[in-house]
Amino acid sequence: MSRRKIREDEEAMIDMTPMLDIVFIMLIFFIVTTSFVKEAGIEVNKPKAANQTKQKNANIFIAIKENGEIWLDKGRVDIERVGARIEKLLAEQPTDVVIIQADKNAKHGVVVTVMDAIKDAGIDRISIAAAKG
């Protein structure tokens with residue numbers, strides 16, 4: 001009788017291993033398919049615009065402050081190194097759109113130089129961020 005009771009207890013146990021395997025596989029899937037956004041790291045006073053469109057697949061943001069400082073991936077970048085940093089970010093996370101968040105009082109020459117560096121890095125679609133106005 002005791003032998004039969006032990007056998008019933010063994011049959012009643014649920015094996016959790018397959019469920020844990022599925023959970024870990026799903027976790028790996030979500031980690032691999034997640035896209036990470038490379039934000040500029042600072043807030044700028046964007047110009048207002050009446051018409052704007054939202055870019056859905058942009059992961060690289062470049063901020064240009066009023067004093068001409070350029071910020072990319074939460075760090076300050078020299079204007080000569082913008083192209084190299086974008087190429088590095090493209091190797092890590094490919095994208096076809098870069099968004100420039102330029103302050104409304106930023107110098108036009110700095111913005112154009114950054115746009116040229118982006119084009120030299122191989123990206124043809126550049127968007128300028130604006131506040132809804």
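In what follows, residues are counted from 1 in the order of the sequence shown.
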If you compare all heavy atoms of V110 against all heavy atoms of G68, which two are closest, and at what distance to 0.1 Å? CG1-O, 4.1 Å
Show your working on side-chain contact (heavy atoms from CB on, under 4.5 Å) between L72 and I60 and close with a plain yes or no. CA-CA 8 Å; L72 176 63; I60 299 176; 3.8 Å; yes
Apart from F29 itself, its cluster of hydrophobic side chains linked below 4.5 Å comprises I22, M26, F30
Spacing of CD belonging to E66 relative to CG belonging to D103, to within rounding of 0.5 Å: 5.0 Å
Looking at every heavy atom in both Q101 and A129, which two are closest together, and how far apart are they? CG-CB, 3.8 Å
Hey, could you give me the CG/CD1 distance between D96 and I123, rounded to the nearest 0.5 Å? 8.0 Å
Is there a side-chain contact between I62 and V77 in this structure, where contact means two heavy atoms from C-beta onward sitting under 4.5 Å apart? no
Give me the atom names and distance for the closest heavy-atom approach of G83 to A121. O-CB, 4.0 Å
Mind checking side chain to side chain contact (heavy atoms under 4.5 Å, CB included) for I126 and listing every partner two or more places apart, or none if nothing turns up? I100, M115, I118, K119
Taking salt bridge (charged side-chain N to carboxylate O under 4.0 Å, His left out) as the cut-off, I'd like each qualifying pair that reaches into residues 76-91, sequence neighbours left out, listed once. E69-R76
Distance-minimising heavy-atom pair for S127 and V97: OG-CG1, 4.1 Å
side-chain contact (heavy atoms from CB on, under 4.5 Å) partner of T113, chosen from I64, I70, I79: I79
